[in-house]
Number of protein chains: 2
Amino acid sequence: MKLTSKGRYAVMALVDLARFDSINPVSLRDISLRQNISLDYLEQIFSKLKKNNIVKSIRGTQGGYILNKNPNDIKLTNIFYAVDEKVKTVQCKKESKKGCNGKATKCITHDLWDELENHINSFFKNKSLEDLIKNKKETRI
Amino acid sequence: MKLTSKGRYAVMALVDLARFDSINPVSLRDISLRQNISLDYLEQIFSKLKKNNIVKSIRGTQGGYILNKNPNDIKLTNIFYAVDEKVKTVQCKKESKKGCNGKATKCITHDLWDELENHINSFFKNKSLEDLIKNKKETRI
DNA sequence: CCATACCTGACTAAATTGGTCAAGTATAGA
DNA sequence: TCTATACTTGACCAATTTAGTCAGGTATGG
C-alpha cells in the first residue's frame with residue numbers, strides 16, 4: 001500500500017498556496033520553486049483541483065490560483081478525490097456480477113478491507129487544510 | 001493509495017489455512033482451489049511467510065503448511081511485513097542526506113504522512129488472524 | 001519408486017507512475 | 001497595441017511495479 005506522489009504533491013501545493021494566498025493569486029511557478037515540484041506536473045494536478053472547485057484560476061500576468069473555499073472546508077478527502085487518489089484497499093469493490101474471488105460469494109476477507117477503508121477514510125475526512133497550516137504556523141519553517 | 005494483491009492473498013490464504021488447520025497440514029493446492037489464487041503465486045507468498053516464521057512446511061505426500069504461531073499472535077502487521085507489503089505513505093523516509101523535497105528541510109507536509117502512517121499501522125497492529133477467523137465462524141460461509 | 005507437494009529462480013505482459021514536451025489561450029501592464 | 005506572464009490541454013514516454021507464468025528442481029510417505 002502506498003500513497004502516490006500525485007496526492008502528496010496536491011496536498012503540499014495546497015498547503016503552500018494556503019499560506020501565501022492573502023490578496024494576490026499564487027502562481028504555479030512559485031509553488032514549483034518553493035516545493036520543488038515539476039511545473040508541468042503541477043499544471044496537471046491543478047487542472048483537476050480546479051475542476052473540483054477546490055481552487056480557482058486567474059489568468060494573465062500576476063495571475064495564479066487562489067483557494068475557492070475556506071481552508072477549513074477543504075478536507076484531505078476532497079483533495080485526494082480530486083486528483084484520483086483512491087483509497088481502494090482491494091478490487092472487491094467492482095460492480096461485477098461475480099464476487100471478488102471470481103465466485104458467487106464475497107471473498108473471505110472482504111469485511112476486513114471494508115473496515116480498513118473506513119479506518120483510513122475517517123482520517124482523511126477529519127483533516128482539513130486549515131489543520132495543516134495551523135501546524136505550520138506553529139513550527140514556523 | 002492501494003493495497004496490492006500480494007498482501008490481500010497472503011491474508012486470505014492464512015485465514016483459509018487457520019480455518020482448516022486442525023491436525024493435518026493444508027496444501028497450497030487446496031488453498032489455491034478454495035480461494036481462487038494461482039498456485040505458483042501462492043508458493044512465492046508462502047516462501048516469504050515461512051522465512052518470517054509465520055507458517056512452517058511439511059514436505060512430501062500429505063504435506064502442506066501449518067501455522068507456526070497462535071492465531072492470536074499473528075497480527076496483520078506481521079503478515080504484511082513478511083510479504084513486503086509496505087505502508088509507506090511517502091518517500092520522505094529515505095535516509096538520504098537531503099530532506100524529502102530535495103532541500104535541507106523536511107517537506108511541508110512531512111508530519112502529516114507520519115501521522116497517517118501511524119493511524120494505518122495501528123489498525124494492522126491490533127488486528128490478528130484470530131479476529132478474522134472469529135468473524136468467519138459467526139457468518140459461517 | 002513414484003506421486004504429491006514443497007522449493008527456487010528466471011522471466012514477462014500489462015498497468016501505473018511520474019513525469020516531459022508542444023502548442024496553445026487569456027490578460028495585465030508598458 | 002504589444003508582449004511577457006501564466007493558465008490550459010493533450011499527447012507522449014521511460015522506468016518501475018504488479019501479478020503473475022514457467023521450468024525446473026528436492027523431499028518424503030506409502
Side-chain angles (χ1 to χ4, degrees), chain A residues 1-10 12-13 17 20-21 23-33 35-52 54-66 68 80 83-86 88-91 94 100-102, chain B residues 1-10 12-13 17 20-21 24-33 35-52 54-66 68 80 83-86 88-91 100-102:
Chain A
M1 166 159 1
K2 65 169 206 250
L3 191 68
T4 70
S5 281
K6 200 187 291 182
R8 181 173 129 237
Y9 286 166
M12 283 175 72
L17 178 58
F20 285 86
D21 171 17
I23 306 161
N24 302 314
V26 180
S27 75
L28 293 190
R29 211 178 75 89
D30 285 352
I31 296 179
S32 164
L33 290 173
Q35 302 303 328
N36 228 40
I37 304 170
S38 143
L39 176 59
D40 286 314
Y41 203 29
L42 270 182
E43 285 173 344
Q44 287 180 40
I45 291 170
F46 271 76
S47 156
K48 289 169 191 251
L49 292 175
K50 190 187 169 188
K51 275 188 194 123
N52 282 265
I54 292 173
V55 296
K56 55 187 168 189
S57 65
I58 292 159
R59 303 184 78 154
T61 320
Q62 304 301 325
Y65 287 92
I66 54 176
N68 198 19
F80 285 140
V83 298
D84 301 316
E85 194 85 273
K86 293 193 192 76
K88 57 164 181 184
T89 48
V90 156
Q91 273 78 348
K94 284 182 188 153
C100 21
N101 44 12
Chain B
M1 169 162 356
K2 65 169 206 251
L3 191 68
T4 71
S5 281
K6 198 185 291 180
R8 180 173 129 237
Y9 287 166
M12 284 175 71
L17 178 58
F20 285 87
D21 172 17
N24 302 315
V26 180
S27 74
L28 292 190
R29 211 179 74 90
D30 286 352
I31 297 179
S32 164
L33 289 173
Q35 302 302 328
N36 227 39
I37 303 171
S38 144
L39 175 59
D40 286 314
Y41 203 29
L42 270 182
E43 283 175 343
Q44 286 181 42
I45 292 170
F46 271 75
S47 155
K48 289 169 191 252
L49 292 175
K50 190 187 169 188
K51 273 187 196 127
N52 282 266
I54 292 173
V55 295
K56 55 186 167 192
S57 65
I58 292 159
R59 302 184 78 152
T61 319
Q62 306 302 323
Y65 286 93
I66 54 177
N68 199 18
F80 285 140
V83 298
D84 302 315
E85 193 85 274
K86 293 193 192 77
K88 57 164 180 183
T89 48
V90 157
Q91 274 78 349
C100 19
N101 44 13

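Lettering follows sequence order; numbering is per chain, from 1.
Qualifying side chain to side chain donor-acceptor pair (under 3.5 Å) partners for B:S27, counting only residues two or more places apart in sequence or in other chains: none. Under the side chain to side chain donor-acceptor pair (under 3.5 Å) criterion, A:S32 pairs with no residue, sequence neighbours left out.
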Check: residues 56-65 of chain B side-chain donor-acceptor pairs under 3.5 Å, at least two apart:
from  : atom 1 : to    : atom 2 : distance (Å)
B:S57 : OG     : B:K50 : NZ     : 3.2

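Applying the 4.0 Å criterion to OP1 and OP2 of D:dG20, one finds that B:Y9 has a side-chain N or O inside that range. The side chain of A:S5 contributes an N or O atom lying less than 4.0 Å from OP1 or OP2 of C:dG18. Not one side-chain nitrogen or oxygen of B:K50 sits closer than 4.0 Å to the OP1 or OP2 atom of C:dC6. OP1 and OP2 of C:dA5 both lie 4.0 Å or more from every side-chain N or O belonging to B:S57.
Taking atom CG of A:L39 as the reference point, atom P of D:dT9 lies 15 Å away to the nearest angstrom. Between the C1' atom of D:dT16 and the NZ atom of A:K6 lies a distance of 16 Å, rounded to the nearest Å. Between B:I66 atom CD1 and C:dC6 atom C1' there is a gap of 14 Å when expressed in whole angstrom units. Separating the NZ atom of A:K56 from the C1' atom of D:dT8 is a distance of 19 Å, rounded to the nearest angstrom. The nearest whole Å value for the distance from the CZ atom in B:R8 to the P atom in D:dA19 is 9 Å. For the pair A:L3 CG and C:dG18 C1', the computed distance is 14 Å after rounding to whole Å. Atom-to-atom, CG of A:N24 to P of C:dA28 comes out at 13 Å; the value is rounded to the nearest Å. Going from atom CD1 of A:I45 over to atom P of C:dG18 covers 10 Å, rounded to whole Å.
A:I45 and A:V83 make their closest contact through CG2-CG1, 4.0 Å (heavy atoms, listed as atom of the first residue, atom of the second, distance). Considering all non-hydrogen atoms of both residues, B:L42 and B:L28 come closest at CD1-O, 3.6 Å. Taking each heavy atom of B:A13 and B:F46 in turn, the nearest pair found is CB-CE1, 3.6 Å.
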Considering only nitrogen or oxygen atoms on both sides, find all protein atoms under 3.5 Å from nucleotides 22-24 of chain D and state each distance.
none

Just the table, please: protein N/O against nucleotides 2-6 of chain D N/O, every pair under 3.5 Å.
from  : atom 1 : to    : atom 2 : distance (Å)
D:dA6 : O4'    : A:G60 : O      : 3.4

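Proximity of B:L3 to B:F80: side-chain heavy atoms (C-beta onward) are separated by under 4.5 Å at one or more points.
Sequence neighbours left out, the pairs with a member in residues 39-48 of chain A that pass side chain to side chain donor-acceptor pair (under 3.5 Å) are A:K48-A:D84.
To the nearest 0.5 angstrom, B:L17 atom CG is 11.0 Å from B:I54 atom CD1.
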